[in-house]
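Report on the following structure.
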Amino acid sequence: MPELPEVEVVRAGLAPAVTGALVLGATVLDERALTRHTGDGAEFEARLTGRVVLSAARRGKFLWLPLQPATDGTAATDAVVGHLGMSGQMLLRAPGAPMERHERVRIDLAHPVHGELSVVFADQRTFGSLAIDDLIPTADAAAGGQGWAEASVPAQVAHIARDPLDPAFSDGAFRRTLDRKDSAIKRVLLDQTVVSGVGNIYADESLWAARIHPETPARALSTRAVKRLLAEVRHVLEKALAEGGTSFDAQYVNVNGQAGYFAHSLNAYGRTGEPCPRCGRPIVRVSFTNRSSHFCPHCQRMPRSLPVTR
DNA sequence: CATGCGTCCTGTGGGC
DNA sequence: TGCCCACAGGACGCAT
């Protein structure tokens, strides 16, 4: 589901509620929610109880809650990692609140200022999951991600590239990677080891804005086109974030269960047959890589010839 | 090594 | 009305 803007909305909502809070207990209702965790539900609950949450962090579509080390004075060494998958939600609830539909895990917290509250992980399709994972140093020694100034990331997030809104994202490295890719640019945008946070909606929206055909081989893009694309990716992600993310239904909501407004701003995604806002010709939908791509065949043309070398 | 496909789930909406 | 298929915002493992 959720792509960077939706996940960032969740992170920003969690941060003030969980930072500094003590874990009173955890309840795993469905162990399928722990597919990223090495132990079982009871082990997860026991290992989390009594710990203090230091922050709410994010890189791309991954979230994590760094935990205070048992012996203080040192850097954090582990965290609760979460991925929302296609349908995951993180909801803030009052203590003892009734069980949510599709509730998988509940974490009960005591915050020094806000008092007791619960973080509920609900997930219809169970593609999302939580885990307790070790923090390891970042390869570039920069901060781990949004909301986490220490130079560490959960081990299972280490292979995820920085996202385009991360100050440590390297535009030059991104451009050089594209030069080596024969794959369609859309596929590369969805490859979280190249650039993280972009999913099917924002890939289509960014390519529409940059006037690039989704099946253009990545290496066929000029340096100028790559710069334009990166600028549009950032613009789309920031605008969506400012509007609270994209919600087509009640599935994609913030920690208080509220929907975002960006669906009204979509130019290509989900607008099959509707007029392109730029040229008026119909948006088409094609299927490749087992996913839908929406674009304007008039505004987004394939390059006539591919550069032999750049 | 890089690339592309199938698979893990539940639910909804449209067509017949 | 009811049934069945297609499709849904993701990521990973495995085959080629």
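Residue numbers begin at 1 in each chain, while the letters A, B, ... track the order of the sequences.
Within 4.0 Å (heavy atoms only), A:Tyr202 reaches no atom of the nucleic acid at all. A:Arg32 comes within 4.0 angstrom of sugar-phosphate atoms only, judged by non-hydrogen atoms across all strands, and of no base. Using a 4.0 Å heavy-atom distance criterion, A:Asp123 is classed as making no nucleic acid contact. Residue contacts for A:Ser292: at a heavy-atom cut-off of 4.0 Å it reaches the sugar-phosphate backbone alone, with no base atom in range.
Note: CD (A:Gln156) to P (C:dG13) measures 11 Å, nearest angstrom. Regarding A:Asp182, its CG atom lies at a distance of 8 Å from the P atom of B:dG4, rounded to whole Å. Across the protein-nucleic acid pair, A:Gln251 atom CD and B:dG11 atom P stand 10 Å apart, rounded to whole Å. One atom, CG of A:Asn290, and another, C1' of C:dG10, lie 13 Å apart when rounded to the nearest Å. Distance CG (A:Leu189) to C1' (C:dG10): 15 Å, rounded to an integer number of Å. For the pair A:Leu84 CG and B:dC8 C1', the computed distance is 17 Å after rounding to whole Å. When rounded to the nearest whole Å, the span between CD1 of A:Ile185 and P of B:dT3 equals 12 Å. As rounded to whole Å, 16 Å separates atom P of B:dC1 from atom CG of A:Asp191.
Centre separation under 5.5 Å together with a plane angle under 30° holds for the ring of A:Phe127 and the six-membered base ring of C:dG10, marking them as stacked.
When Watson-Crick and G-U wobble pairs are counted only if both distances are under 3.5 Å, B:dC9 pairs with no nucleotide at all.
When each of A:Trp208, A:Tyr202, A:Phe295, A:Phe248 is checked for a side-chain contact (heavy atoms from CB on, under 4.5 Å) with A:Tyr269, only A:Phe248 meets the rule.
Taking the side chain of A:Glu3 as heavy atoms from C-beta on, and the options B:dG11, C:dG10, C:dC7, the nearest nucleotide is C:dG10. With distances taken from any side-chain atom of A:Lys61 to the nucleotides C:dG10, B:dT10, B:dC5, the minimum falls on C:dG10. Of all nucleotides listed (B:dG4, B:dG11, B:dC9), B:dG11 comes nearest to the side chain of A:Gln124. Residue A:Arg285 has its side chain nearest to C:dC7 when only C:dG10, B:dC5, C:dC7 are considered.
To the nearest whole angstrom, the two P atoms, one in C:dC14 and one in B:dC9, are 16 Å apart. A distance of about 23 Å separates the P atoms of C:dA11 and B:dC1, rounded to the whole Å.
Scanning atom types as modelled, no donor and acceptor separated by under 3.5 angstrom connect the side chain of A:Arg291 and the base of C:dA8.
Remark: A:Asn200 is not in phosphate contact with C:dA8, judged by side-chain N or O atoms under 4.0 Å from OP1 or OP2. Close to B:dG11, at under 4.0 Å from its OP1 or OP2, lies no side-chain N or O of A:Ser87. For A:His102, a side-chain nitrogen or oxygen approaches OP1 or OP2 of B:dG11 to under 4.0 Å. Listed pair A:Arg101 / B:dT10 fails the phosphate criterion, with no side-chain N or O lying under 4.0 Å from OP1 or OP2. Side-chain N/O atoms of A:His83 include one lying less than 4.0 angstrom from OP1 or OP2 on C:dA11.
Judged purely by distance below 3.5 Å, without hydrogens or angles, the side chains of A:Thr289 and A:Lys186 never pair a donor atom with an acceptor atom. Between the side chains of A:Gln89 and A:His102, no donor N or O sits under 3.5 Å from an acceptor N or O.
A cation-pi arrangement, defined by a distance under 6.0 Å to the six-membered ring centre and an angle within 45 degrees of its axis, is absent between A:Arg59 and A:Trp148.
For the atom pair A:Ile185 CD1 and A:Met302 CE, the distance stands at 11.5 Å (nearest 0.5 Å).
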*Residue pair A:Leu109, A:Val23: steps toward the side-chain contact (heavy atoms from CB on, under 4.5 Å) verdict*: CA-CA 5 Å; A:Leu109 302 169; A:Val23 179; 3.7 Å; yes
